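What follows is a set of notes on a single structure, which appears directly below.
All figures in this text were calculated on a predicted structure; none of them were measured in a lab. Residue numbers begin at 1 in each chain, while the letters A, B, ... track the order of the sequences.
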2 protein chains.
Amino acid sequence: MALSMSDRNLVEPVIRRLNALRRLSVEARSSLESAILEGLQSAGSGEDVISEGDPVDSIRIVLSGWLCRYKTLEDGRRQIVNFLFPGESCDAYAFLLSTIDHSIATLTPAVYSDIKRARFESLIAADSTLAEAFWCETLVNIAIQREWAVNLGRRVALERVAHLFCEIVERLRPVGMINGKSCIMPITQMDLADATGLSVVHLNRTLQEMRASGLIVLRDRVLTINDLDALKNTALYSPNYLQLYRRGS
Amino acid sequence: MALSMSDRNLVEPVIRRLNALRRLSVEARSSLESAILEGLQSAGSGEDVISEGDPVDSIRIVLSGWLCRYKTLEDGRRQIVNFLFPGESCDAYAFLLSTIDHSIATLTPAVYSDIKRARFESLIAADSTLAEAFWCETLVNIAIQREWAVNLGRRVALERVAHLFCEIVERLRPVGMINGKSCIMPITQMDLADATGLSVVHLNRTLQEMRASGLIVLRDRVLTINDLDALKNTALYSPNYLQLYRRGS
DNA sequence: CGGTAAGTTGACTCCCGTCAACGGTTGTGG
DNA sequence: CCACAACCGTTGACGGGAGTCAACTTACCG
């Protein structure tokens with residue numbers, strides 16, 4: 001696959017994200033960039049990137065598009081347990097276990113990099129800071145996962161959807177995907193329902209309610225939040241779990 | 001603190017658990033045992049071991065008793081996001097981030113070991129297999145966390161409680177805390193409610209229903225499951241996420 | 001013996017799921 | 001160019017699962 005300038009632009013948020021977790025050396029950054037560009041993949045919308053039970057032998061890094069981790073019950077009920085946004089990596093180190101316990105799918109057309117285990121291991125062996133940065137990302141992911149449990153277990157529908165929107169905004173911001181008070185919301189209401197543990201019908205009604213009260217504007221796949229503090233208040237949102245700041249190395 | 005034979009017996013499940021994730025050398029096992037015995041702590045029931053926002057500078061390993069990870073909303077709603085059973089470790093490597101996003105509390109009187117960061121780092125630096133074993137535990141924890149999201153988001157009350165019981169049994173079994181078809185259930189219905197995202201009243205009614213249909217026997221803090229397969233069926237339980245088997249090293 | 005925590009039950013309410021129908025948009029093929 | 005299907009969003013009607021409030025019992029403990 002030929003490299004283009006736009007590919008390079010896609011890689012930049014990945015580096016920036018990891019660099020925010022652990023300051024990376026110039027060499028680490030460039031070797032990471034090379035590895036990412038080598039494994040470039042693209043996928044259409046609604047495709048499984050990896051399925052529950054598959055053996056894990058590579059890691060993936062999202063460059064553009066939205067993906068999700070999800071699990072399904074025997075009878076078809078689906079729960080999205082997390083989103084994967086541009087700049088985020090999936091399952092670094094997951095190959096330490098034998099198989100994967102959940103599936104990952106694209107929710108939009110997406111570009112990502114698939115880095116084989118051996119390649120990844122040599123990458124992190126050469127630079128312990130890089131290894132730590134990936135581990136930090138994993139740890140932040142557990143924290144997000146915990147907050148999702150709180151969201152699903154203890155918030156009512158309105159709070160739940162509000163909280164999800166707050167989190168999405170805060171996760172998209174550092175990768176430059178927020179324009180002023182708006183961002184693109186490229187997924188369906190069914191996806192949002194599966195992420196919040198609601199039925200599609202009730203999710204739709206909750207969105208209506210949020211529109212009516214002026215909490216959000218959502219039209220033509222664009223989400224606008226005029227008063228983010230108000231949204232955070234109704235969500236009982238507390239940002240500390242996202243660890244959006246750097247720890248002293 | 002003087003060492004006793006019973007302390008040694010408590011450490012054994014920890015070693016066994018980690019050894020199941022990665023085969024440990026004799027030296028690794030004994031150095032781990034020493035580190036654990038050095039940091040021995042005990043706590044009464046209902047005590048916070050670490051609170052949300054605290055800086056993290058040590059890891060903890062549970063030797064006896066039940067603990068939980070939980071988060072609370074401003075208005076007091078509590079969600080237990082995971083349990084910590086004997087043999088399990090909390091937050092190995094969590095010090096890579098700055099502060100902890102949730103609290104950990106004892107649900108029963110407990111004995112655990114508190115190993116300082118420096119001690120832990122020298123331990124794993126000396127043996128990479130040990131380091132990997134701890135990472136595997138962390139990865140299994142994420143998988144459990146994901147399954148909890150599914151449980152809270154997509155199962156109804158009866159399925160939810162049934163699933164929790166299945167998981168508890170499968171996690172207690174490898175550390176020898178299942179006697180035949182029974183185990184001790186040392187926590188209150190409020191704890192179970194907070195773990196399943198239900199109100200205490202509704203959890204109580206769900207337990208009644210499970211008792212009436214013969215799915216469980218729960219009396220005097222003893223849980224008996226006569227037909228585990230039946231329980232798993234009503235829970236839509238799929239065990240793969242617990243990774244209870246060893247991967248080829 | 002009083003006080004507190006845990007478990008249980010009834011009554012009532014309402015949030016949310018289910019079922020169903022309808023409109024708008026997109027894309028596709030005849 | 002139009003018919004048709006498929007997908008998505010929306011709305012109404014209805015029912016039931018789960019929350020809330022409150023009272024009562026039992027056990028335990030100082």
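If you check every strand for non-hydrogen atoms under 4.0 Å, A:R77 touches nothing. Using a 4.0 Å heavy-atom criterion, one finds that A:S199 contacts the bases of the nucleic acid, with or without backbone contacts as well. A:G197 comes within 4.0 angstrom of sugar-phosphate atoms only, judged by non-hydrogen atoms across all strands, and of no base.
Rounded to an integer number of Å, the gap from CG of A:L207 to C1' of D:dC8 is 13 Å. For B:Q189 and D:dT25, the CD to C1' distance is 14 Å, given to the nearest whole Å. The distance between atom CG of A:D220 and atom P of C:dT25, rounded to the nearest whole Å, is 10 Å. Separating the CE atom of B:M190 from the P atom of C:dG7 is a distance of 9 Å, rounded to the nearest angstrom. The CD-P distance, from A:E209 to D:dT10, rounds to 14 Å in whole Å. Remark: P of D:dA18 and CG of B:D194 are 16 Å apart, rounded to the nearest angstrom. The distance between atom CG of B:L107 and atom C1' of C:dA6, rounded to the nearest whole Å, is 15 Å. Rounded to whole Å, the distance from CG on A:L203 to P on D:dC8 is 14 Å.
Between D:dT10 and A:R211, a contact under 4.0 Å exists linking OP1 or OP2 to a side-chain N or O. Within the 4.0 Å cut-off from OP1 or OP2 of D:dG9, not a single side-chain nitrogen or oxygen of A:N204 is found. Contact between the side-chain N/O atoms of B:R219 and the OP1/OP2 oxygens of C:dA6 is not found at any separation under 4.0 Å.
Here the side chain of B:V201 is nearest to one of C:dT9, C:dA6, D:dT11, namely C:dT9. Minimum atom distance to the side chain of B:Q208 is reached by C:dT8, of the listed D:dT11, C:dT8, D:dA18. If you check D:dA18, D:dT10, C:dG17 against the side chain of A:H202, the one that comes closest is C:dG17.
For B:R160 (side chain) and B:A235 (main-chain N/O), no donor-acceptor pair under 3.5 Å exists by modelled atom type.
Salt bridge annotation for B:D91-B:R60: absent, with no cationic side-chain nitrogen under 4.0 angstrom from a carboxylate oxygen.
Counting atom types as modelled, A:R205 pairs no side-chain N or O with a base atom of D:dG9 as donor and acceptor under 3.5 Å.
A:V49 has its side chain within reach of A:L67: a pair of non-hydrogen atoms, C-beta onward, lies under 4.5 Å apart. For the pair A:Y241/A:E167, a side-chain contact is recorded, criterion being any heavy-atom separation below 4.5 Å from C-beta on. For the pair B:V14/B:I36, a side-chain contact is recorded, criterion being any heavy-atom separation below 4.5 Å from C-beta on.
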Derivation and outcome, side-chain hydrogen bond (donor to acceptor under 3.5 Å, both in side chains), residues A:N204 and A:Q208: CA-CA 6 Å; A:N204 180 281; A:Q208 304 295 351; 3.3 Å; yes
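Other residues, nucleotides and ligands contribute only 12 or fewer heavy atoms inside 6.0 Å of the CD1 atom of B:I184.
The stretch residues 147-159 of chain B has no heavy atom under 4.0 angstrom from DNA chain C at all.
Put simply, the residue from A:L172, A:I168, A:I144, A:V62 that forms a side chain to side chain contact (heavy atoms under 4.5 Å, CB included) with A:F83 is A:I168.
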